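Before any comments, here is the structure.
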Amino acid sequence: MEKVQVFIVGAGPSGLATAACLRKLSIPHVVVEREDCTASLWRKHTYNCLKLHIAKEFCELPLMSYPNDSPTYILKDNFLRYLDDYVMKFNISPKFNTSVESCMYDEAGNYWSIMAQDKVSGKTLHYASRFLVVATGENSAGNIPDIAGLQSFHGEAIHSSSYKCGSDYVGKSVLVVGSGNSGFEIAHDLAIHGADTSIVIRSPFHVMTKELIHLGMILARWRLSLILVDFILVLLAYLLFGDLSKHGIVRPHMGPLLLKAKTGRSAVIDVGTTKLIKKGDIKVFGPISRIRGNLIEFEDGNERYYDALLFATGYKSTANIWLKKDMSMLNSDGLPKNEFPNHWKGTNGLYCVGFARRGLAGIAHDAEIVASDIQANIKMTLFD
């Protein structure tokens, strides 16, 4: 059994940020990652046109800014280079291809007993750690809803994490299920590449531009009330986009920043999708009632045949699969029981980073406060 002070599960941005903060405080730690690289979700399971919609100053990990010549809105490749530089700067060395199978707290020994699997050699690894940091995030596994008849669909049906580019769907009829940022971006990418594109919109949401959100975040930083900032943003969005309700896009009663703060639900950043919806190049449908082969039946009575279904229906946490017998921090869905900013700590040295639904800024906040709390509680002689 290898004894460590801090055991971090996950080498995505959350795990890397935590490791960097611990490194600064000279606290020994181990980072394990089930994949063969850092930030595997970003490297392997994101589409080619992805970019950050929040200005770079709100998307930095702790202790390191983006290069001065970086664009205001960071592209996917720029972000991955930033992470690679981050790993090098803080000398972070994750144990790759290491899948955590179980973590249980040993009351008698006052440590976390961790069992992991080396996916290359097949060996079982055992660790004992005083502190355990769950850094797998809320986006561990793609979520595909249970829709009646989905198994009967004869075409391609994939989660957005497997989507790469609209050029793969030229001339095909494609239904994007989900109208968050991924759904909007994928629908736009499909349409401009010549796919016959439709999108399912089930719930109200705000459509904003990245510039409007940037303005809102600056105003909020100046300590203006979120209610006032939201009023300004909604007014400007209406002047820019007009009344979108006649196109199937209904605005929530709560403003975009307050909605994000209260529920974690983000505004949708327009990349040109609304223009294509208004032109009819992207068709909008409501919820699906049933699938019969390649025929999709909608709750409003419409029905249409499709060649492919793309589910931009979000992700789910998988932490509860391996975090055994501890309900102090996460609920049955593997998400924090307590709301931000009190979500990050459980009992017996258990922490989570990247579960606040506040993007990279939330990750930076979590990593810094978790590292500081560990420093305040650590006993460096624990395993001597």
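Note that this is a predicted model, so its numbers are computed, not measured. Only this structure's heavy atoms are used, side chains among them; waters, hydrogens and symmetry mates stay out.
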| Can you list the steps and then say if R292 with S152 is a side-chain hydrogen bond (donor to acceptor under 3.5 Å, both in side chains)? | CA-CA 6 Å; R292 299 181 187 275; S152 71; over 6 Å; no
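One finds no salt bridge joining D333 and K316 here, because no Lys/Arg side-chain nitrogen approaches an Asp/Glu carboxylate oxygen to under 4.0 Å. Electrostatic pairing of R43 and D77 does not count as a salt bridge here, judged by no charged N lying under 4.0 Å from a carboxylate O.
When the salt bridge (charged side-chain N to carboxylate O under 4.0 Å, His left out) test is applied to R202, no partner is found at least two apart in sequence or on another chain. For Y306, there are no ring-ring contact (aromatic ring centres under 6.0 Å, His included) partners at least two apart in sequence or on another chain.
A donor-acceptor contact under 3.5 angstrom links the side chains of E156 and Y169, judged on distance only. Side-chain N/O atoms of E138 and Y315 include no donor and acceptor closer than 3.5 Å.
Between D326 and L350 the shortest side-chain heavy-atom distance falls below 4.5 Å.
Aromatic ring centroids of W42 and F79 lie under 6.0 Å apart. Ring pair Y66/Y82: centre-to-centre distance below 6.0 Å.
Residue pairs that meet the salt bridge (Lys or Arg N to Asp or Glu O under 4.0 Å) test with at least one member in residues 217-238, sequence neighbours left out, do not exist here.
With respect to D36, the salt bridge (charged side-chain N to carboxylate O under 4.0 Å, His left out) criterion is satisfied by exactly one of K44, K119, K95: K44.
Between H343 and H365, the two ring planes are parallel [angle under 30°; tilted spans 30° to 60°].
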